[in-house]
Amino acid sequence: MRVQEAQRITNLPPYLFAEVDRQIARARERGVDVISLGIGDPDFPTPAHVVARLKEAAEDPANHRYPSYEGLRAYRAAVASWYKRRFDVDLDPDTEVVSLIGSKEGIAHIPWCFIDPGDLALVPDPGYPVYATAVLLAGGDPFPMRLRPETGWLPDLDAIPRDVRAKAKLMFINYPNNPTAAAVDGTGFFESVVEFARANSIIVCHDAAYSEITFDGYVAPSFLQVPGAKEVGIEFHSLSKTYNMTGWRIGWAAGRREVIEALGRLKTNLDSGIFQPVQYAAIAALETPPEHFGQVLPAYARRREKVVAALNRLGWNLEPPKGTFYVWAPVPKGYSSIEFSRHVLDKAGVFVTPGIGYGSAGEGYFRISVTIDDARLEEAISRLEEAGVGFS
Ligand SMILES: *Cc1c(COP(=O)(O)O)cnc(C)c1O
């Protein structure tokens, strides 16, 4: 029997990172001690009080049964209190918050609620790859909003053609941004997004995964704190990056009630919620005192300064980013992003992510993640220097 895949699978763009993993594996087989600066996954442990809460809740048989679909009331209430404390945004935990199995899960499913075949969704390019693939899986077409350094890596809403606006149902945005590490100044950009969304009846999905990973006094705003935002959109959020909980798979979406309700309704047909001990642990995480950040954020800040300083010694001209744990930089002349990544792997045994993996507008750039301990990062930097990697 021939196994015939459905078109929605065969039509998916090739997953660049699978090829990249093979290259790294081959180098490791040859005995190269590859230092990967590719993965955006905190190297710090989840705070101990969160793990303790999980253990305690796991002992209770009441938590061994199917959880509720929309998430424990207590979890949704903890999310609402966190929003109130952090952003002064009021959310009704009963209708304006839904739990997610990591924000990626919600991002991947939201197009199924609002995209019919032939519909468009506006996605940032470069951008987190899930936005575009999720739209494709739902039968829609992603329309790339090109991010450029000249506009601080914000999309130019005025440049979106009329016929595209008419067919677009969703718009994804993400600040602090992966992969460019850009952050918004104030809320002016979000205000123009609200206006644009209202004028064109487009649902906005702001991905705020990095809202707490910020430096040098910069405080990231929530999309929902802008007047009118809750009428036009939702915000995806996650405990993954904030509390070093990428493996736990818990997040949420919050905002416009009908959008949250539709996402929750879809999910009742797909999953059966999140293991309750994980939700109790997440509540403990959301109540983490600010001291927790006293260790993690300075470490990311210090590492990104080291990376930026090293690249600048090698000929680049970069500013340390205000948010995320990434550094985004142009590749030297004469290389495509894949060629440059390959070159750095061959010459220095260091892996940097080629920008093309985040969309065609990522071509010409590479991304470094600083979620790696200081000693390895310093080793990577000295290898780049010794290998004569430089920007010209
Ligand atoms: C890491 C990341 C997420 C996903 O996080 P979850 O672990 O699924 O909550 C979402 N968006 C961006 C841009 C990310 O980098």
Side-chain angles (χ1 to χ4, degrees), residues 16-17 37-44 46 50 71 75 79 82 97-111 121-135 142 145 147 153-155 170-184 204-214 220 222-223 233-255 263 267 270-271 273-275 278-279 281-282 285-286 296 300 304 321-328 353 355 357-359 361-362 367-371:
L16 174 85
F17 298 116
L37 305 179
I39 304 152
D41 188 354
D43 57 312
F44 293 99
T46 304
V50 178
Y75 172 63
V79 166
W82 185 81
V97 181
V98 66
S99 67
L100 297 172
I101 309 170
S103 56
K104 181 180 182 181
E105 182 259 308
I107 292 165
H109 283 142
I110 195 80
L122 305 170
V123 302
D125 180 7
Y128 184 55
V130 186
Y131 311 135
T133 49
V135 171
M145 296 186 291
L147 311 185
W153 303 102
L154 299 176
L170 287 180
M171 173 188 207
F172 287 99
I173 49 173
N174 162 225
Y175 294 94
N177 182 262
N178 178 11
T180 68
V184 291
V204 177
C205 299
H206 180 236
D207 179 353
Y210 295 94
S211 73
E212 306 315 294
I213 311 298
T214 59
S222 163
F223 176 66
I234 63 171
E235 191 153 75
F236 286 102
H237 224 295
S238 166
L239 291 98
S240 289
K241 314 289 160 65
T242 308
Y243 303 106
N244 313 323
M245 290 177 70
T246 47
W248 295 60
R249 311 315 303 136
I250 183 163
W252 70 82
L263 181 56
K267 280 169 56 60
L270 297 172
D271 67 68
I274 300 159
F275 187 42
V278 171
Q279 297 189 55
L286 289 168
V296 175
Y300 293 150
R304 97 207 193 286
K322 285 188 279 190
T324 78
F325 34 58
Y326 305 116
V327 173
W328 179 250
T353 311
Y358 303 97
R367 193 194 76 174
I368 282 177
S369 169
V370 299
T371 53

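Indexing begins at 1, ligand by ligand and atom by atom, following the structure's order. All residue numbers in this chain count up from 1 along the given sequence.
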For this session: State the CG-CG distance between Leu263 and Leu100, to the nearest 0.5 angstrom.
Result: 6.0 Å

Problem set entry | Heavy-atom nearest neighbour in the protein, as seen from atom 2 (C) of ligand 1, with distance rounded to 0.1 Å | Lys241 NZ, 2.5 Å

Problem set entry | Residues Glu235 and Ser222: side-chain donor-acceptor under 3.5 angstrom | yes

For this session: Decide if atom NZ of Lys104 counts as having more than 12 heavy atoms of other residues, nucleotides or ligands within a radius under 6.0 Å.
Result: no

Problem set entry | Minimum heavy-atom distance Gly273-Ile101, with the two atoms named | O-CD1, 4.2 Å

For this session: Report yes or no: do Asp41 and Thr246 form a side-chain donor-acceptor pair below 3.5 Å?
Result: yes

Exercise. Ring centroid separation for Tyr210 and Tyr175, is it under 6.0 angstrom?
Worked result: no

Exercise. Is there at least one pair of N or O atoms, one from Ser238 and one from ligand 1, spaced under 3.5 Å apart?
Worked result: yes

For this session: Examine ligand 1 and decide if any of its atoms is less than 4.0 Å from a heavy atom belonging to Arg249.
Result: yes

For this session: Give the ring-plane orientation class for His237 versus Trp252, where under 30° counts as parallel, over 60° as perpendicular and anything between as tilted.
Result: parallel

Exercise. Which residue holds the protein heavy atom closest to atom 11 (N) of ligand 1, what is that atom called, and what is the gap in Å?
Worked result: Asp207 OD2, 2.6 Å

Seminar exercise, completed: of all protein heavy atoms, closest to atom 7 (O) of ligand 1 is Ser240 OG, 2.6 Å

Exercise. Which ligand 1 atoms, with their elements, are less than 4.0 angstrom from a heavy-atom of Gly102?
Worked result: 8 (O), 9 (O)

Problem set entry | Heavy atom of the protein closest to atom 5 (O) of ligand 1 (residue, atom name, distance) | Ser103 OG, 3.3 Å

Problem set entry | Part of Leu100 with heavy atoms under 4.0 Å of ligand 1, whether side chain, backbone, both or neither | neither

For this session: Consider every N or O of Thr246 and every N or O of ligand 1, then say whether any pair is closer than 3.5 Å.
Result: no

Seminar exercise, completed: The protein heavy atom nearest to atom 15 (O) of ligand 1 is Tyr210 OH, 2.6 Å

